[in-house]
2 protein chains.
Amino acid sequence: MAVNLKQLAELLGLSQTTVSRALNGYPEVNAETRERVLQAVRETGYRPNRAAQRLATGKAYSIGLVMPIASGIDSDIHFGEFLAGLAEEAVKHDFHFVLNPSAPDDEEATFRRLAASGNVDALFLAYMRANDPRIAMLKALSIPFVVHGRSIGGAKDYPFVDIDNTAAFYDAARLLIQLGHRRIALINGPEYLAFSLRRKKGLTRALEEKGLRLDETLVHHSAMTDEYGYRSMQRFLDRPDPPTAVLCSSTVLALGAVRAINQASLVIGSDISVIAHDDVLPMLKPENFSVPLTTTRSSLRAAGARIAKRLIGGILDRGDYPEQELWRAELIVRASTGPAPGR
Amino acid sequence: MAVNLKQLAELLGLSQTTVSRALNGYPEVNAETRERVLQAVRETGYRPNRAAQRLATGKAYSIGLVMPIASGIDSDIHFGEFLAGLAEEAVKHDFHFVLNPSAPDDEEATFRRLAASGNVDALFLAYMRANDPRIAMLKALSIPFVVHGRSIGGAKDYPFVDIDNTAAFYDAARLLIQLGHRRIALINGPEYLAFSLRRKKGLTRALEEKGLRLDETLVHHSAMTDEYGYRSMQRFLDRPDPPTAVLCSSTVLALGAVRAINQASLVIGSDISVIAHDDVLPMLKPENFSVPLTTTRSSLRAAGARIAKRLIGGILDRGDYPEQELWRAELIVRASTGPAPGR
DNA sequence: AAAAGTATTCAAAGCGCTTTGGAAGGATAC
DNA sequence: GTATCCTTCCAAAGCGCTTTGAATACTTTT
């Protein structure tokens, strides 16, 4: 059923060389001939054999994924969402994945093995930490890679896609401050992750701009689960001087926080304001919260797709993408934010 | 640096044929020769080129994954965990993945495309529903597959790895009944999934054995998130006749349920008993609950690894695995179960 | 009109493995 | 001693693509 290059070439009365070149966009092919070839491809449903391409070109047409198996990360709901974005794009180009689960302590060995195996053309990195050693490691392995997120400190010259976490939480905090809030709490992701640090910085900056100081006891770091959101919020509300507003690093955390607030019989949007970062998890839409949530929004899945696109573009030497992309999260105001109480 | 077969053969003064056969376990190789070959492999670090093997054998050495993008499923925390198990095993054998995100309505097309692409040797299926049409579909495509879970109704002759969900919840319910509980609630997974139906059946059976009937209003079905566990439990507790015990289909659901119970100031293990199914999610250990949770336990990651092993074994024609495996979940009694109150 | 490009095409080699169809040599059978 | 059978090995073909190095047919230049 499936035709191969040779048969296709025979059918067209051309050589394999010409057909191959026509398909791969080489310039030395007559435009008319190229059109004939393309037409024949459409008619026969020809699809090049990836295994043969791999062998001939030495490319793997695959991207390597190191699945972190660490507490606070592994089986994270956010990971699945990101992966869906990567896969969505990869499948369009018939790219494969090599999935490597890895504990943090043999991550380096995993990268090394993966790079040496020749099974992947490129890697991607996520869950960036401050001074993340993996960037230098991958550079040393001289295998192309794109980072999701950014490290803090260390070399700056590596390709990444990140959102401007500082700006996102700066914007969010500024809105709250404009609304009169002064005691703003932060329910953040794990402390060792760069995005958490940046979001905290955004909040700090907005406060300091108004001559206010961040109360460190109003900042909690944890894995981004519902449960931790709940606990953090509860502890905040138990204080003699509870915050009048809270920033959450994920809608998942917000879910728990909202529950704690409801339980305390406080009204969201008037007694206390809530802003969460929305990764656009299909399961958890901020507009479906009992009180629709004000959010800083940036799709995790879109980031995955973008990274796949860049990785693949790089491998196929096509497409010209900026090395470093910093996406701006949108601040979307819904009903969970309002003026600070007593004002 | 990396040697190939030809070089290895020259080094040994043998033909490529013999070396290849020695490595692939063919019988027509002198035992001593084979040992020499193996030794040389160790010394040189020879690794066969997968692309070449693929081309020569026609095998893809890859397994296809259709990532469901459906509500209640997508980005499910359980999926990541299962995937980690699959990947863990696959990486040992240098197998790759083709990840295909797919909405439910073009799942069939996705399978078809995947099977036709020649990019995968086998598929795996999960999230089984009653009378699941995908089984017949894959049989028709005549591509090897292993199912995680089982359908209900329809053909019975297909390979699967499943846990005995009926027995698990039967055992759990029986324990509760022995402890004097009569009103047992069930916070279950989505109603359309087979495992949910079976777990409900297990509970029903245990009750009926003692002449009791399942109160359908004490059964809730939902996506397995914290949030839904909380809501379900809350609704149960709001009733004039709340249950004295509850079964949860996941520790994630139990997390929410426990919270609702605490909020109602009830004591787990005396006022109300809780048993949850434990998929062994590293992030959510039942022993770390405020009151350690009695569970039916079966590792999701282990199931993933097992399925990968069977899939790979089938592709490589090695290993002889039973077609159908029904794992028994362990019932582990901790502090969340106790005698029914007032007894 | 000869020389020198330019555009277009092709035959054949090669990627690194598996597998087919022998072949050589020794042991066994007749 | 010849025929037959194992055992063990090998040369070469082939998997389906890309790419090198020419070849062919036109144009353009001189």
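Throughout, a chain's letter reflects where its sequence line sits, starting with A, and its residues are numbered from 1. Atom set for the values below is all heavy atoms of this structure, side chains included, hydrogens, waters and symmetry mates excluded.
Here Q16(B) does not reach the OP1 or OP2 of dG16(C): none of its side-chain N or O atoms lies under 4.0 Å away. Using a 4.0 Å cut-off, some side-chain N or O of T18(B) falls inside it from OP1 or OP2 of dC10(D). Taking only side-chain nitrogens and oxygens, Y46(B) comes nearer than 4.0 Å to OP1 or OP2 of dC17(C). Look at Y26(A) and you'll find a side-chain N or O under 4.0 angstrom from OP1 or OP2 of dT19(D). Listed pair N24(B) / dT18(C) meets the phosphate criterion, a side-chain N or O lying under 4.0 Å from OP1 or OP2. Between N49(A) and dC17(D) there is no side-chain polar atom (N or O) within less than 4.0 angstrom of OP1 or OP2. For S20(A), a side-chain nitrogen or oxygen approaches OP1 or OP2 of dT18(D) to under 4.0 Å.
For dT18(C), the base has no donor-acceptor partner in the side chain of T17(B) [N/O atoms by modelled type, under 3.5 angstrom].
Between L23(B) atom CG and dT19(C) atom P the separation is 13 Å, expressed in whole Å. Computed from coordinates, the L14(A) CG to dA7(C) C1' distance equals 15 Å when rounded to whole Å. Remark: P of dT19(D) and CD of Q53(A) are 10 Å apart, rounded to the nearest angstrom. If you measure from atom CG of L55(B) to atom C1' of dG14(C), you get 12 Å, rounded to the nearest angstrom. Spacing between atom CG of N30(B) and atom P of dG26(C) amounts to 14 Å, rounded to whole angstrom units. Following rounding to the nearest Å, R34(B) (CZ) and dT8(D) (C1') show an atom-to-atom distance of 12 Å. In this structure, E10(A) places its CD atom 13 Å from C1' of dG16(D), rounding to the nearest Å. Rounded to whole Å, atom C1' of dA12(D) lies 13 Å from atom NZ of K6(B).
Residues F124(A) and F82(A) bring their aromatic ring centres within 6.0 Å.
The side chain of E28(A) has dT9(C) as its nearest neighbour among dA11(D), dG16(C), dT9(C). Checking dC17(C), dT19(D), dT18(D) against the side-chain heavy atoms of L5(A) singles out dT18(D) as nearest. Closest approach to the P48(A) side chain among dT20(D), dC17(D), dT9(C) is made by dC17(D) (side chain taken as heavy atoms from C-beta onward).
Here the side chains of L138(B) and Y158(B) are not in contact, with every heavy-atom distance at 4.5 Å or above. Looking only at side-chain heavy atoms (C-beta outward), R129(B) and L193(B) come within less than 4.5 Å of each other.
A cation-pi arrangement is found for R50(B) relative to Y61(B), the charged atom lying closer than 6.0 Å to the ring centre and inside a 45° cone about the ring normal.
For P27(B) and R21(A), each mapped to the nucleotide of DNA chain D holding its nearest heavy atom, the one lying further toward the 5' end belongs to P27(B).
Checking R36(A), E35(A), E43(A) one by one against Q39(A), the side chain to side chain donor-acceptor pair (under 3.5 Å) holds for a single residue, E43(A).
No more than 12 heavy atoms of other residues, nucleotides or ligands sit less than 6.0 Å from atom CD of E32(A). Within a 6.0 Å sphere centred on CZ of R34(B), heavy atoms belonging to other residues, nucleotides or ligands number more than 12.
Atom CE of M67(B) and atom CG of L83(A) lie 4.5 Å apart (nearest 0.5 Å).
When heavy atoms are screened at a 4.0 angstrom cut-off, G118(A) is found touching no nucleic acid atom at all.
Terminal axes of the helix from dA1(C)-dT30(D) to dC30(C)-dG1(D) (five pairs each, C1' rotation axis) are separated by 50°, to the nearest 10°.
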